[in-house]
Amino acid sequence: FGEDDAAAFATLGRRTDVSRLASALLDPQFRFGVLFAESGCGKTSLLRAGVQPELKKLGYTFYVDDINNQEEPLRSVIRLLGANTTAAANAAADAGGQDGSSTDYRWLACYDAAPRQVFLILDQFEQFFLHYGNPEQAEPFLSFLKEWWMLHPSSQLRILVSIREDYLGKLAVIQERLQYVQTVHNHLRLRKFLPEDAVGVLRSMANESDLVFHEAAVRQACREELASRTDGTVSPVDLQILATGVRDLPGTTGFTGEAL
């Protein structure tokens with residue numbers, strides 16, 4: 001789900017998670033934080049289709065940067081922030097090396113005087129550790145973060161990292177560099193759905209597509225087929241696969257026992 005899917009996403013059982021994350025970001029004490037979850041929990045959809053339109057509606061500037069191997073991460077961050085300041089745009093143009101490095105971050109001062117918070121979301125941050133094979137390669141990016149954190153304590157720039165749960169321990173390198181205090185307000189976990197919530201999500205999908213919805217059959221499928229044998233929760237990815245399969249099944253009228 002992307003920003004244009006905000007209305008549809010609002011019906012998919014993540015209202016509480018959107019409000020929780022938006023409130024954490026807007027907390028005056030928030031500067032740097034982490035959103036983590038198992039793969040397939042819907043972190044990107046939550047950020048792009050949930051939190052992003054919510055904060056933009058309130059007038060905040062909100063950037064989402066997909067960390068990937070197509071562009072050097074530091075160059076990508078500076079390019080995005082350059083949309084808000086000419087100095088940053090010039091820094092991005094001057095960062096000509098393969099590592100996108102530049103030691104001149106004086107342009108960060110423009111965020112000290114910003115009238116309100118500016119949010120930078122670093123999504124799929126596990127790719128950061130795949131892009132930088134060793135600490136030396138990651139040094140320019142870490143130096144950028146440290147300069148922002150240490151020399152601009154009143155900056156209106158807020159940074160949130162979104163990462164897979166199995167990579168969470170690797171963030172120690174950033175925590176050690178910034179020396180930030182980890183709390184329940186800046187270390188946020190996105191959980192999978194309970195079976196009851198999963199039923200509600202599928203009901204919304206059925207209504208959206210004008211499909212028949214047999215409640216009892218769906219409840220049984222969520223409880224007995226989709227729920228994890230480990231913790232009893234349901235993956236959003238599995239719900240999407242099921243909904244797509246039902247919708248595309250020849251001759252089906254919707255979420256019936258036969259179709260499921």
Side-chain angles (χ1 to χ4, degrees), residues 1-3 5-6 9-55 60 62-68 73 117 119-130 145 149 158-202 204 222-223 226-241:
F1 291 90
E3 188 176 0
D5 303 310
F9 185 78
T11 69
L12 299 182
R14 288 298 196 190
R15 182 67 254 170
T16 298
D17 296 302
V18 169
S19 297
R20 181 171 65 104
L21 183 50
S23 296
L25 291 171
L26 292 172
D27 188 314
Q29 301 302 314
F30 182 93
R31 292 187 66 200
F32 180 87
V34 179
L35 173 68
F36 64 99
E38 294 180 35
S39 180
C41 272
K43 300 183 296 298
T44 295
S45 293
L46 180 78
L47 291 166
R48 288 189 175 276
V51 179
Q52 179 170 224
E54 184 82 3
L55 293 185
Y60 292 98
F62 195 95
Y63 300 114
V64 180
D65 187 12
D66 289 324
I67 302 297
N68 56 57
Q117 296 103 312
F119 300 100
L120 173 64
I121 310 301
L122 303 178
D123 194 18
Q124 301 178 51
F125 200 72
E126 57 275 1
Q127 295 293 326
F128 174 90
F129 300 101
L130 299 177
L145 286 180
W149 181 265
R158 308 290 195 255
I159 297 178
L160 178 76
V161 164
S162 177
I163 193 168
R164 272 174 29 194
E165 189 167 359
D166 53 326
Y167 277 78
L168 191 58
K170 290 182 176 292
L171 290 178
V173 65
I174 293 178
Q175 187 171 11
E176 290 167 1
R177 185 64 65 95
L178 303 186
Q179 293 293 303
Y180 73 91
V181 178
Q182 180 179 305
T183 73
V184 295
H185 303 294
N186 62 25
H187 206 69
L188 306 160
R189 184 183 188 190
L190 180 64
R191 298 184 183 275
K192 293 186 290 187
F193 291 114
L194 295 174
E196 182 66 28
D197 298 326
V199 172
V201 170
L202 292 176
S204 295
C222 288
R223 186 176 60 251
L226 294 179
S228 165
R229 306 243 176 135
T230 303
D231 61 8
T233 58
V234 179
S235 166
V237 169
D238 288 342
L239 289 181
Q240 191 168 6
I241 291 172

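Keep in mind that the numbers below use all heavy atoms, side chains included, and drop hydrogens, waters and symmetry copies.
- Taking CG from D123 and CG from L160, the interatomic distance works out to 9.0 Å, rounded to the nearest 0.5 Å.
- The main-chain N or O of A49 is never found under 3.5 Å from a side-chain atom of Q52 such that the two would form a donor-acceptor pair.
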_Full working for salt bridge (charged side-chain N to carboxylate O under 4.0 Å, His left out) between E38 and K192_ = CA-CA 8 Å; E38 294 180 35; K192 293 186 290 187; 3.5 Å; yes
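- Here the closest non-hydrogen pair linking P195 and C222 is O-CB, 4.1 Å.
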*Just do the side-chain contact (heavy atoms from CB on, under 4.5 Å) check on R177 and I174 with the steps written out, would you?*
CA-CA 5 Å; R177 185 64 65 95; I174 293 178; 5.7 Å; no
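- With S45 contributing its side chain and F1 its backbone, the two residues share a donor-acceptor pair below 3.5 Å.
- The aromatic rings of F125 and F129 stand perpendicular to each other, their planes meeting at an angle above 60°, with 30° marking the opposite boundary.
- Distance CG/L226 to CG/D238: 6.0 Å, rounded to 0.5 Å.
- With values rounded to the nearest 0.5 angstrom, L178 atom CG is found 10.5 Å from L171 atom CG.
- Applying the 6.0 Å contact sphere to CZ of R15 captures more than 12 heavy atoms from other residues, nucleotides or ligands.
- Between F193 and A198, the closest heavy-atom pair is CB-N, 4.1 Å.
- Between Q29 atom CD and H185 atom NE2 the span is 10.0 Å, to the nearest 0.5 Å.
- Annotation: side chain of S19 is not in contact with side chain of T16 (no heavy-atom distance under 4.5 Å).
- D27 places no side-chain N or O within donor-acceptor distance of the main-chain N or O of A24, the cut-off being under 3.5 Å.
- Separation of atoms CD1 (I159) and CZ (F32) is listed at 7.0 Å; rounding is to 0.5 Å.
- Contact between V18 and F9 at its shortest, heavy atoms only, is CG2-CE2, 4.1 Å.
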*Please step through ring-ring contact (aromatic ring centres under 6.0 Å, His included) for the pair F119 and Y60, ending with a clear verdict.*
CA-CA 8 Å; F119 300 100; Y60 292 98; 5.7 Å; yes
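- Between V51 and L25, some side-chain heavy-atom pair lies under the 4.5 Å cut-off.
- Cation-pi geometry between R158 and F62 is not met at under 6.0 angstrom from the ring centre and within 45 degrees of the axis.
- Scanning all heavy atoms of the two residues, the minimum distance from R20 to L188 falls at NH1-CD2, 3.8 Å.
- Nearest heavy atoms, A37 versus L190: CB-O, 3.1 Å.
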*asked:* Between D66 and R48, is the salt bridge (charged side-chain N to carboxylate O under 4.0 Å, His left out) condition met? List the steps.
replied: CA-CA 11 Å; D66 289 324; R48 288 189 175 276; 2.9 Å; yes
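- L26 and Q117 make their closest contact through O-NE2, 3.5 Å (heavy atoms, listed as atom of the first residue, atom of the second, distance).
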*Stepwise salt bridge (charged side-chain N to carboxylate O under 4.0 Å, His left out) check, E165 with R189*: CA-CA 9 Å; E165 189 167 359; R189 184 183 188 190; 3.4 Å; yes
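- Here CG of L47 is found 6.0 Å from CG of L21. Values are rounded to the nearest 0.5 Å.
- Judged purely by atom type and a 3.5 angstrom limit, S204 uses its side chain to pair as donor or acceptor with the backbone of T11.
- Side chains of K43 and R164 form a contact here, defined as non-hydrogen atoms less than 4.5 Å apart.
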